[in-house]
Trainee: 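To start, I am sharing the structure in question, which I have written as structure tokens.
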Amino acid sequence: EYHERRKHLTAEEAGEAQEQTADEIIKNTYRTLMTRGMKGCYVYCTDKALADYLKDDSVPEHCWKLALRYGWEVGGRYNDWKDYIRELKELGEGTHNPKILLPDDLQREHQRTTKILNRKREEERRRQQRERAMKDEEEYRNRLKEFLDMRFSGDGLAIHVIASPLEMQEEGEKMHHCVGGYYNHEDSLILSCRNSENQRIETIEVSLKDYKVVQSRGVNNIHTTRHDDIIAVMNRNMDSIRNVDRQRRRRLRRAVTAAL
């Protein structure tokens with residue numbers, strides 16, 4: 001039958017058919033030799049890349065057996081499959097179910113598990129950050145208590161000092177920037193600017209060393225159309241911040257002296 005088919009093939013097609021047949025024979029031979037051993041099989045590789053590939057035991061044995069049983073070709077998808085299996089384990093999804101382990105569209109399923117894991121990791125990061133913030137609440141309020149009721153307004157803007165680490169974390173989440181972890185910056189004062197409808201506009205950082213605005217950022221760290229107005233309101237009130245900070249520093253020095 002093979003020779004009958006070859007009569008109707010061009011020389012190029014016949015060569016490709018021969019290569020395909022040889023490839024299938026070689027694969028089947030190795031598959032037979034490597035799966036018939038009672039206790040195992042030794043393989044010697046002269047190709048370093050192939051040797052490294054075979055030494056990689058990050059894919060469990062039962063996964064390989066299922067792939068062989070169901071004729072699921074790994075091919076050039078090995079690294080993606082390996083990462084997919086690791087993500088399945090982390091998510092607690094079964095690696096013994098061939099429908100999950102051997103998807104028709106590996107790329108799509110890999111993207112799905114990666115997306116779920118990234119969401120879970122972000123949720124865990126925020127949970128840990130909230131826990132740390134709650135532990136640091138007392139220290140933060142004690143360190144900045146003279147500032148906590150401070151408010152400025154002007155040009156339709158309302159600016160207030162962020163009063164707690166949890167509020168600061170919420171500010172960072174709503175504004176999609178990293179201010180959530182700034183509550184332990186000892187020489188910074190963090191404020192939130194809202195409009196007349198109490199919508200967040202920008203988050204402001206003031207240096208308590210030189211009493212200047214270090215940065216003022218809107219959503220995704222972008223300057224808004226009100227940026228210059230916000231800076232102007234802050235500059236008009238910087239003397240008030242400086243005077244309150246002097247009182248705060250005197251209180252902290254007295255506390256240190258009393259503790260000695």
Side-chain angles (χ1 to χ4, degrees), residues 115 118-256:
K115 186 176 180 180
N118 286 341
R119 186 171 66 247
K120 286 181 174 291
R121 288 166 182 160
E122 178 61 18
E123 290 172 354
E124 177 62 18
R125 184 192 67 80
R126 290 181 178 179
R127 185 191 65 79
Q128 292 179 359
Q129 193 176 40
R130 282 194 296 270
E131 286 185 355
R132 288 196 299 269
M134 290 174 66
K135 290 179 181 177
D136 294 338
E137 178 91 11
E138 183 178 353
E139 189 276 334
Y140 176 88
R141 295 184 67 85
N142 180 63
R143 174 163 49 90
L144 297 174
K145 68 179 182 179
E146 285 83 358
F147 288 112
L148 299 183
D149 295 325
M150 182 172 277
R151 283 169 168 73
F152 310 122
S153 61
D155 300 325
L157 302 171
I159 301 173
H160 71 273
V161 173
I162 293 180
S164 72
L166 287 176
E167 183 186 347
M168 196 174 298
Q169 184 177 2
E170 181 183 2
E171 180 86 1
E173 291 174 0
K174 297 291 185 182
M175 300 292 279
H176 301 287
H177 52 44
C178 60
V179 77
Y182 279 30
Y183 59 84
N184 55 6
H185 289 198
E186 294 190 359
D187 294 314
S188 292
L189 185 67
I190 309 300
L191 306 95
S192 177
C193 179
R194 314 288 180 98
N195 61 18
S196 57
E197 297 176 354
N198 200 35
Q199 296 172 326
R200 290 177 173 88
I201 303 177
E202 291 192 7
T203 308
I204 308 153
E205 179 185 7
V206 172
S207 168
L208 295 178
K209 288 184 176 180
D210 56 13
Y211 305 104
K212 294 180 179 179
V213 174
V214 177
Q215 57 182 332
S216 182
R217 307 283 182 175
V219 174
N220 295 323
N221 282 314
I222 302 298
H223 289 166
T224 67
T225 56
R226 302 300 310 274
H227 178 76
D228 290 342
D229 298 329
I230 293 169
I231 299 299
V233 172
M234 290 303 304
N235 287 337
R236 287 199 299 267
N237 291 278
M238 203 58 74
D239 284 342
S240 298
I241 292 176
R242 182 184 290 106
N243 292 333
V244 170
D245 193 40
R246 286 172 181 167
Q247 298 173 23
R248 181 185 73 95
R249 291 179 185 276
R250 284 197 294 268
R251 173 181 62 83
L252 292 176
R253 283 196 295 268
R254 288 196 299 270
V256 170

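Counting from 1, the numbers follow the sequence of the chain as shown. Because the structure is a prediction, the values reported are computed rather than measured.
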Trainee: Does Phe147 form a side chain to side chain contact (heavy atoms under 4.5 Å, CB included) with Val206? I'd like the steps, not just the answer.
Mentor: CA-CA 12 Å; Phe147 288 112; Val206 172; over 6 Å; no
Trainee: Which of these passes side chain to side chain contact (heavy atoms under 4.5 Å, CB included) with Met168: Ile162, Asn184, Thr203?
Mentor: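 Only one option passes, and that is Ile162.
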Trainee: Write down the atom of Gly154, the atom of Val233, and the distance for their closest heavy-atom approach.
Mentor: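 Here Gly154 and Val233 meet closest at O-CG2, 3.9 Å.
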Trainee: Among Arg248, Gln247, Arg250, Arg251, whose side chain to side chain donor-acceptor pair (under 3.5 Å) with Glu146 holds?
Mentor: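 That would be Arg251.
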Trainee: When you measure from the side chain of Asp155 to the backbone of Leu157, do you find a donor-acceptor pair of N or O atoms at a distance under 3.5 Å?
Mentor: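 No, the answer is negative, given that no donor and acceptor are paired below the 3.5 Å cut-off.
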Trainee: For a quick test of reading the model, state the closest non-hydrogen atom pair linking Val179 to His177 and the distance between them.
Mentor: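 Val179 and His177 have their closest heavy atoms at CG1-CE1, 3.2 Å.
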Trainee: Looking at Glu138, I'd like to know if its CD atom is crowded, meaning that more than 12 non-hydrogen atoms belonging to other residues, nucleotides or ligands lie closer than 6.0 Å.
Mentor: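 Not more than 12 within 6.0 Å, no.
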Trainee: Do any side-chain atoms of residues 213-222 form donor-acceptor pairs under 3.5 angstrom with protein atoms, and if so which ones, sequence neighbours left out?
Mentor:
from	atom 1	to	atom 2	distance (Å)
Gln215	NE2	Glu205	OE1	2.8
Ser216	OG	Glu202	OE1	2.5

Trainee: Are the side chains of Ile241 and Phe152 in contact, using a 4.5 Å heavy-atom criterion?
Mentor: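 The answer is yes, as the side chains (C-beta and beyond) meet within the 4.5 Å cut-off.
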Trainee: Listed by chain and number, what are the ring pair (Phe, Tyr, Trp, His ring centres under 6.0 Å) partners of Tyr182, not counting sequence neighbours?
Mentor: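 Scan of Tyr182 (ring pair (Phe, Tyr, Trp, His ring centres under 6.0 Å), adjacent residues dropped) gives His185.
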Trainee: Are any non-hydrogen side-chain atoms of Val161 and Leu144 less than 4.5 angstrom apart?
Mentor: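 No. Closest side-chain heavy atoms not under 4.5 Å.
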Trainee: Going by atom types only, do Arg194 and Ser192 share a side-chain donor-acceptor pair under 3.5 Å?
Mentor: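 Yes.
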Trainee: Looking at Arg127 and Glu131, is any side-chain nitrogen of the basic one under 4.0 Å from a carboxylate oxygen of the acidic one?
Mentor: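 Yes, Glu131 and Arg127 are salt-bridged.
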Trainee: Which heavy atom of Met238 sits nearest a heavy atom of Tyr211, and at what distance?
Mentor: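 Where Met238 meets Tyr211 most closely, the heavy atoms are CG-O, 3.0 Å.
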Trainee: Enter the distance from Thr225:OG1 to Ile201:CD1 here, rounded to the nearest 0.5 Å.
Mentor: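 Answer for the OG1-CD1 pair, Thr225 versus Ile201, is 8.0 Å.
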Trainee: Nearest 0.5 Å please: distance from the CG atom of Leu252 over to the CG atom of Asn142.
Mentor: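 If we round to the nearest 0.5 Å, Leu252:CG and Asn142:CG are 7.0 Å apart.
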Trainee: Nearest 0.5 Å, what's the SG-CD distance between Cys193 and Gln199?
Mentor: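 Here the rounded value is 12.0 Å.
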Trainee: In chain order, what residues pass the ring pair (Phe, Tyr, Trp, His ring centres under 6.0 Å) check against His176, with sequence neighbours excluded?
Mentor: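 Testing His176 for ring pair (Phe, Tyr, Trp, His ring centres under 6.0 Å), a comparison that skips the adjacent residues, returns none.
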Trainee: Which atoms form the tightest heavy-atom contact between Tyr140 and Tyr183, and what is the distance?
Mentor: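 For Tyr140 versus Tyr183, the nearest heavy atoms are CD1-O, 3.4 Å.
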Trainee: Please report the closest heavy-atom contact between Met150 and Ser240, naming both atoms and the distance.
Mentor: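 Answer, listing the atom of Met150 first, then Ser240: CE-O, 4.0 Å.
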Trainee: Is there a side-chain contact between Arg132 and Gln169, using heavy atoms and a 4.5 Å cut-off?
Mentor: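 Arg132 does not reach Gln169 side chain to side chain.
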Trainee: May I ask you to decide whether Arg126 forms a salt bridge with Glu122, counting only side-chain N to carboxylate O separations under 4.0 Å?
Mentor: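 Yes, charged N to carboxylate O under 4.0 Å.
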Trainee: Look up atom CG in Leu189 and atom CG in Asp245, then write down how far apart they are to the nearest 0.5 Å.
Mentor: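 That separation rounds to 8.0 Å.
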Trainee: Mind checking whether Met234 and Leu191 have side chains closer than 4.5 Å, heavy atoms only?
Mentor: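 Result yes, sub-4.5 Å side-chain heavy-atom pair found.
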Trainee: Less than 4.0 angstrom from a charged side-chain N to a carboxylate O is my criterion; do Asp239 and Arg242 meet it?
Mentor: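 Here Asp239 pairs with Arg242 in a salt bridge, since their nearest N and O are under 4.0 Å apart.
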Trainee: Got a salt bridge between Glu186 and Arg143, using NZ or NE/NH1/NH2 to carboxylate O under 4.0 Å?
Mentor: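 Looking at Glu186 and Arg143, the cut-off is not met.
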Trainee: Could you report the tightest heavy-atom contact between Glu137 and Pro165, atom names first, then the distance?
Mentor: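 The answer is OE1-CD, 3.3 Å.
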